[in-house]
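Before any comments, here is the structure.
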Amino acid sequence: KNARKIDTTRGDRMIAAYFRNETAKLAKRSLADINTLADWQAKRKLYRQQLFEMLSLDPLPERNPLKPVITGKNTHEEFTVENVQFQSRPGLYVTGNLYVPKGLDKPAPTILYVCGHGRVKQNGVSYGNKVHYQHHGAWFARNGYAVVMQDSRGRYESEGKWRPYIDETDDGYDTQQWLGQQDWCDGNIGTFGVSYPGFTQILPAPLRSPYVKALVPIANQEDNYGHMRYNGVLQLQNAMNFIWLGDRTNQDAPRNLIDW
């Protein structure tokens with residue numbers, strides 16, 4: 001009860017300085033041998049291969065027919081909302097809500113919002129991430145855009161197991177390729193999202209869908225390393241938050257189920 005409190009401030013500062021210096025060394029070495037366009041062209045193939053390996057895309061997965069299906073439709077005075085699903089992988093369906101402006105008489109630019117978290121639950125029924133962000137879909141539709149709000153694989157209505165930062169790359173690219181070929185899309189896709197839905201835009205970007213013309217990630221991490229670590233030190237807050245978010249089997253579990 002009367003134990004003397006030990007001041008660890010000096011040690012904490014030393015540890016923080018050490019990891020800050022080590023992180024700076026790694027950042028300085030990044031692309032240190034690239035000084036000219038010729039240097040980049042000589043290394044580009046190797047760097048892209050390393051990037052794909054980091055994203056679990058080496059080798060690139062085989063593309064498969066998406067087989068999209070419309071399962072329902074709701075009408076608003078300014079737009080319609082269609083419930084769609086398509087195969088991300090053979091036999092594994094992801095789901096989305098498609099917002100189409102009323103009276104659309106020509107293809108429109110399309111917004112893709114891939115959701116990762118944002119629970120909506122009423123009377124014991126989970127409505128998923130898409131409902132949490134539906135005000136964004138409604139705003140864009142009112143202003144002439146077609147919009148797809150999609151649950152990530154393994155989240156709420158989408159099938160499979162949620163593996164944060166892993167499957168968003170391939171699933172996002174599949175969605176972009178599908179959207180760009182729809183008759184209501186003019187071939188121009190913009191991506192939008194806050195927090196994890198911001199990072200779901202960055203992950204498929206290296207695959208370079210020809211339809212994606214703009215990315216607007218907001219309040220997201222630049223890379224997964226920086227999101228989970230600060231000056232090289234694991235951020236327990238973020239790590240525990242992803243445990244709380246969980247996978248398909250415990251995505252609605254309250255926080256008090258976790259032994260903090």
Side-chain angles (χ1 to χ4, degrees), residues 63-160 162 167-168 170-194 196-197 200-201 204 209 211-214 216 248 251-252:
R63 306 258 76 84
N64 62 282
L66 299 182
K67 299 182 180 179
V69 177
I70 297 175
T71 61
K73 185 175 181 178
N74 295 284
T75 301
H76 183 273
E77 61 183 15
E78 296 176 284
F79 50 82
T80 60
V81 182
E82 297 180 354
N83 308 122
V84 299
Q85 64 180 27
F86 60 87
Q87 287 191 125
S88 172
R89 301 273 73 78
L92 190 154
Y93 284 88
V94 296
T95 63
N97 289 339
L98 167 62
Y99 294 73
V100 180
K102 277 285 189 69
L104 186 68
D105 57 2
K106 62 180 181 179
T110 301
I111 303 296
L112 173 61
Y113 201 122
V114 180
C115 312
H117 56 77
R119 182 179 64 173
V120 175
K121 189 173 184 178
Q122 295 180 0
N123 300 320
V125 178
S126 291
Y127 292 90
N129 305 311
K130 302 186 297 297
V131 175
H132 181 77
Y133 298 107
Q134 64 182 343
H135 57 290
H136 292 305
W139 187 92
F140 281 114
R142 289 189 180 102
N143 286 274
Y145 294 88
V147 185
V148 169
M149 312 284 289
Q150 177 184 312
D151 274 338
S152 295
R153 183 195 304 194
R155 300 297 284 160
Y156 299 96
E157 292 182 325
S158 291
E159 295 178 338
W162 187 48
D167 296 316
E168 312 295 359
D170 206 44
D171 291 352
Y173 179 78
D174 283 347
T175 303
Q176 294 164 2
Q177 293 300 98
W178 173 69
L179 290 180
Q181 300 174 50
Q182 302 311 299
D183 55 10
W184 37 262
C185 176
D186 68 357
N188 295 300
I189 297 173
T191 59
F192 180 80
V194 182
Y196 188 80
T200 61
Q201 304 171 56
S209 169
Y211 303 110
V212 176
K213 303 303 192 298
V216 187
R248 194 172 177 79
Q251 55 198 2
D252 290 323

I want to check something: taking the side chain as every heavy atom from C-beta on, are [X] and [Y] in contact at a cut-off of under 4.5 Å?
X	Y	result
F86	V94	yes
L179	W184	yes
Y99	H76	no
T175	Q150	yes

Answer yes or no: does atom NZ of K67 have more than 12 heavy-atom neighbours from other residues, nucleotides or ligands under 6.0 Å?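 At most 12 heavy atoms, drawn from other residues, nucleotides or ligands, come within 6.0 Å of this atom.
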Check whether more than 12 heavy atoms from other residues, nucleotides or ligands sit under 6.0 Å from atom OH of Y173, and answer yes or no.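 Yes, enclosed.
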Exercise: do T71 and Q85 side chains pair donor with acceptor under 3.5 Å: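 Checked: T71/Q85 side chains show no N/O donor-acceptor pair below 3.5 Å.
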From [atom1] ([X]) to [atom2] ([Y]), nearest 0.5 Å:
X	Y	atom1	atom2	value
Q176	D171	CD	CG	11.0 Å
D186	Y211	CG	OH	11.5 Å
E82	N97	CD	CG	10.0 Å
Y145	F192	OH	CZ	11.0 Å

Is there a donor-acceptor pair under 3.5 Å between the side chain of [X] and the backbone N or O of [Y]?
X	Y	result
K102	T75	no
Q177	S209	no
S152	C115	yes
T110	C185	no

Closest approach of [X] and [Y], non-hydrogen atoms and distance?
X	Y	value
A108	A146	CB-N, 4.2 Å
P204	Q201	CD-O, 3.3 Å
I189	G180	CD1-N, 3.7 Å
W178	P68	NE1-CG, 3.3 Å

Salt bridge (Lys or Arg N to Asp or Glu O under 4.0 Å) partners for E78, two or more places apart: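 Scan of E78 (salt bridge (Lys or Arg N to Asp or Glu O under 4.0 Å), adjacent residues dropped) gives R142.
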For the residue pair H136 and Y113, does the interplanar ring angle fall in the parallel (under 30°), tilted (30 to 60°) or perpendicular (over 60°) class?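 If you compare the ring of H136 with that of Y113, the planes turn out parallel.
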